[in-house]
There are 2 protein chains.
Amino acid sequence: MFQTSNALRRSVHSQVTDRVGSSIVRGEIGVGETLPPEMQICEMMDVSRTVVREAIRTLTGKGLIESRPKSGTRVRPPEQWNQLDPDVLRWHLESAEIDRYLAKLFQLRSAVEPAAAALAATHAAEDDIARIRAGCDGMDAAKTNEDFVAADIAFHQAIYFATRNEFFWPIAQMFEITLRQSFTIAATGSHRPRALIEHRAVLDAIVAGDAEAARAATVVLLAHSAHDLVRIRGREFETTSERPGRKR
Amino acid sequence: MFQTSNALRRSVHSQVTDRVGSSIVRGEIGVGETLPPEMQICEMMDVSRTVVREAIRTLTGKGLIESRPKSGTRVRPPEQWNQLDPDVLRWHLESAEIDRYLAKLFQLRSAVEPAAAALAATHAAEDDIARIRAGCDGMDAAKTNEDFVAADIAFHQAIYFATRNEFFWPIAQMFEITLRQSFTIAATGSHRPRALIEHRAVLDAIVAGDAEAARAATVVLLAHSAHDLVRIRGREFETTSERPGRKR
DNA sequence: TTGTCATAATGTATGACAAATGAAATGCGG
DNA sequence: CCGCATTTCATTTGTCATACATTATGACAA
């Protein structure tokens, strides 16, 4: 049984959270400005104050806003948002500048994933390796493009989990959200074989417990991935070391 | 005017959030188990249901729990927690295994910061550089150890902001929380000169717009930092590439 | 400038009802 | 009597409405 419509059937306060959070991330409210008073939001969205307050609590917890009696609820500077929070991420990716954000997320991934692979090589347990291998095999056996991408995601997530370092895990979460929003990252048939070989190289290095080889193999994998992204979505995804000039 | 006592004067729901969240992170409730019903928590903590519900909303927003009518509120698997959320981080660091967690956070930092410095070299604006330089100067001019550490933190945070990539910022937030919990990371006089030189090296590379130099200088800086940490807090902080054996 | 106070916003408490769901009770056919 | 589907029931979260407490802002006055 599926959830018939996507946004249907969800609780009222999560809908309010979405609307308010999205409009903050979108920049409609502006840093330092105050939201309308709770009662006013109630009227605008035709819900009870309970619901509005719980939505505000959620957003406060994600660092987007802070409220004080009398002075109201203000938008905090984006430096203090939990930018890696799944919801915040989603609100970003719903915006018009999705390609910009995907590129930035890829920058973070490029920074973290080689180190994650290296840590996985030294810290992975047997079942971690089994999950990584399952990802590889899944890519191999995939008939549809959808299956291939799913296995690909599983592979990379498994590497983050294999670090046995929970602070790497939020980066893994990032994938699901990112990929769910933009499905065009899929491997388009032709370079599947190469991708497969490169994934196996990472797996082998991890199995061998060779941290440096795992790091190197991941760097290669990501470089090609970036190249594909440039081809598909534009030059925002160019590698970092190619922009010498100072801005502004 | 300061907040006289640390935990005093805080709102009731944030106190409840702390107590419940802390006990979850501490593992007192166990993954998959259900919390007591809301009304029961009300009685236990002698607060209204409003407060308990808002606390639960906050924790739900951080991915710690999920609730459904009748079945109750369950603890989600730690893979889905927002491990980099400041509160979650704090609850971790309040636990007994603080050194373990500090070591893991340092692993993440080691993965990200070299890349952040490289990005800063190519993307930093003038005011970003000014902030980084201010950090250096602050370390130079520091009389007390406290001032030195504060400037040190400011320096590193400025580098993350200079990436102009908001998804690196949560990592920077990490510092404040980490350092506020354990102040022993301070540079103990003797190796201040070396630290200063290494920080300036990073700054210079960023000013020059040389990404690879910035990355390399940061790697050096972190290596020495890790060495100091091992000396002060124990061998948990050893570099990753030195543990060949497979576990379990 | 300083102190006081009115006021408007969030914070907390309470009680009621709606909705969802897991589990027990029930009914039916075998 | 047993197995299985169905219904009913009870428990827990979800939502609403209202009242009052608390706090900080901004105006006013000394």
Side-chain angles (χ1 to χ4, degrees), chain A residues 1-5 7-21 23-24 29-30 32-76 87, chain B residues 1-21 24 29-30 32-76 87:
Chain A
M1 235 70 84
F2 302 112
Q3 205 152 307
T4 42
S5 175
L8 226 57
R9 177 70 64 176
R10 284 181 34 245
S11 66
V12 180
H13 61 249
S14 71
Q15 292 179 43
V16 174
T17 306
D18 261 17
R19 285 182 60 177
V20 178
S23 74
I24 290 174
I29 303 199
E33 289 178 30
T34 68
L35 277 63
E38 288 173 355
M39 282 310 295
Q40 204 166 320
I41 299 181
C42 294
E43 293 166 10
M44 288 194 300
M45 307 201 176
D46 196 44
V47 292
S48 76
R49 201 175 150 219
T50 309
V51 164
V52 171
R53 281 192 59 78
E54 293 189 1
I56 286 180
R57 277 297 131 254
T58 302
L59 295 175
T60 304
K62 297 178 188 305
L64 296 193
I65 54 181
E66 65 187 345
S67 8
R68 317 173 71 178
K70 168 73 182 180
S71 81
T73 302
R74 317 185 92 86
V75 175
R76 303 212 304 168
D87 288 320
Chain B
M1 235 67 86
F2 303 113
Q3 205 153 305
T4 42
S5 174
N6 205 346
L8 226 56
R9 178 70 66 178
R10 286 181 35 245
S11 66
V12 180
H13 61 248
S14 71
Q15 292 179 44
V16 173
T17 307
D18 261 17
R19 286 183 59 179
V20 178
I24 291 174
I29 304 200
E33 289 178 30
T34 68
L35 278 65
E38 288 172 356
M39 283 308 295
Q40 204 168 319
I41 299 181
C42 295
E43 294 166 10
M44 288 194 302
M45 306 201 177
D46 196 46
V47 292
S48 74
R49 201 173 151 220
T50 311
V51 165
V52 171
R53 281 191 60 77
E54 293 189 1
I56 286 180
R57 276 297 130 258
T58 302
L59 295 176
T60 304
K62 296 180 189 303
L64 296 194
I65 54 180
E66 64 187 346
S67 14
R68 319 174 73 179
K70 167 72 180 181
S71 78
T73 302
R74 320 184 89 85
V75 176
R76 303 211 303 167
D87 288 320

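Here is how names work: the chains are called A, B, and so on, in the same order as the sequence lines, proteins then strands, and each is numbered from 1.
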Sequence neighbours left out, what passes side chain to side chain contact (heavy atoms under 4.5 Å, CB included) with [X]? Give chain and number order.
{"X": "A:Q40", "value": "A:P36, A:P37"}
{"X": "A:D87", "value": "A:K62, A:D85, A:R90, A:W91"}
{"X": "B:S48", "value": "B:T50, B:V51"}

Whole-Å gap separating [atom2] ([N]) and [atom1] ([X]):
{"X": "A:E38", "N": "C:dA8", "atom1": "CD", "atom2": "C1'", "answer": "12 Å"}
{"X": "B:M45", "N": "C:dT12", "atom1": "CE", "atom2": "P", "answer": "14 Å"}
{"X": "A:Q40", "N": "C:dT10", "atom1": "CD", "atom2": "C1'", "answer": "14 Å"}
{"X": "A:E66", "N": "D:dT23", "atom1": "CD", "atom2": "P", "answer": "17 Å"}

Checklist entry - Looking at CG of A:L64 and CD1 of A:I24, how far apart are the two atoms once the value is rounded to the nearest 0.5 Å? => result 5.5 Å
Can you check whether [Y]'s main-chain N or O pairs, donor with acceptor, with [X]'s side chain at less than 3.5 Å?
{"X": "A:R76", "Y": "A:G63", "answer": "yes"}
{"X": "B:E66", "Y": "B:T73", "answer": "no"}
{"X": "A:R74", "Y": "A:E33", "answer": "no"}
{"X": "B:T60", "Y": "B:I56", "answer": "yes"}
{"X": "B:T17", "Y": "B:H13", "answer": "yes"}
{"X": "A:R57", "Y": "B:R57", "answer": "no"}

Checklist outcome for this item: Encoded 5' to 3' (Watson-Crick or G-U under 3.5 Å; [ ] crossing; | other strand), DNA chain D becomes ||||||||||||||||||||||||||||||
Checklist entry - Are A:E54 and B:R53 within salt-bridge range, i.e. N to O under 4.0 Å? => result yes
Item to check | B:R10 vs B:D18 side-chain heavy atoms within contact, under 4.5 Å | outcome: yes
Review item, nucleotides 6-8 of chain D N/O atoms under 3.5 Å of protein N/O:
none

Check nucleotides 21-23 of chain C for protein N or O atoms closer than 3.5 Å to its own N or O atoms and list the pairs.
none

Item to check | Sorted by number, the residues of residues 52-65 of chain A with heavy-atom contact under 4.0 Å to DNA chain C | outcome: A:R53, A:R57
Next on the checklist: Taking side chain to side chain donor-acceptor pair (under 3.5 Å) as the definition, give me every residue that meets it alongside B:R49, ordered by chain and number, with sequence neighbours left out.
Outcome noted: B:E38
Item to check | Set of residues satisfying side chain to side chain donor-acceptor pair (under 3.5 Å) with respect to A:S67, sequence neighbours excluded | outcome: none
Next on the checklist: What verdict does the side-chain contact (heavy atoms from CB on, under 4.5 Å) test give for A:L59 and A:V20, after you've listed the backbone C-alpha separation in whole Å, the side-chain angles of each residue and the deciding distance to 0.1 Å?
Outcome noted: CA-CA 9 Å; A:L59 295 175; A:V20 178; 3.5 Å; yes
Next on the checklist: Taking 4.0 Å as the cut-off, does a side-chain nitrogen or oxygen of A:H13 come that near to OP1 or OP2 on D:dT15?
Outcome noted: yes
Grab the N/O contacts between the protein and nucleotides 16-20 of chain D below 3.5 Å, and write none if there aren't any.
{"residue": "D:dC16", "atom": "OP2", "partner": "A:S48", "partner atom": "N", "Å": "2.9"}
{"residue": "D:dC16", "atom": "OP2", "partner": "A:S48", "partner atom": "OG", "Å": "2.9"}

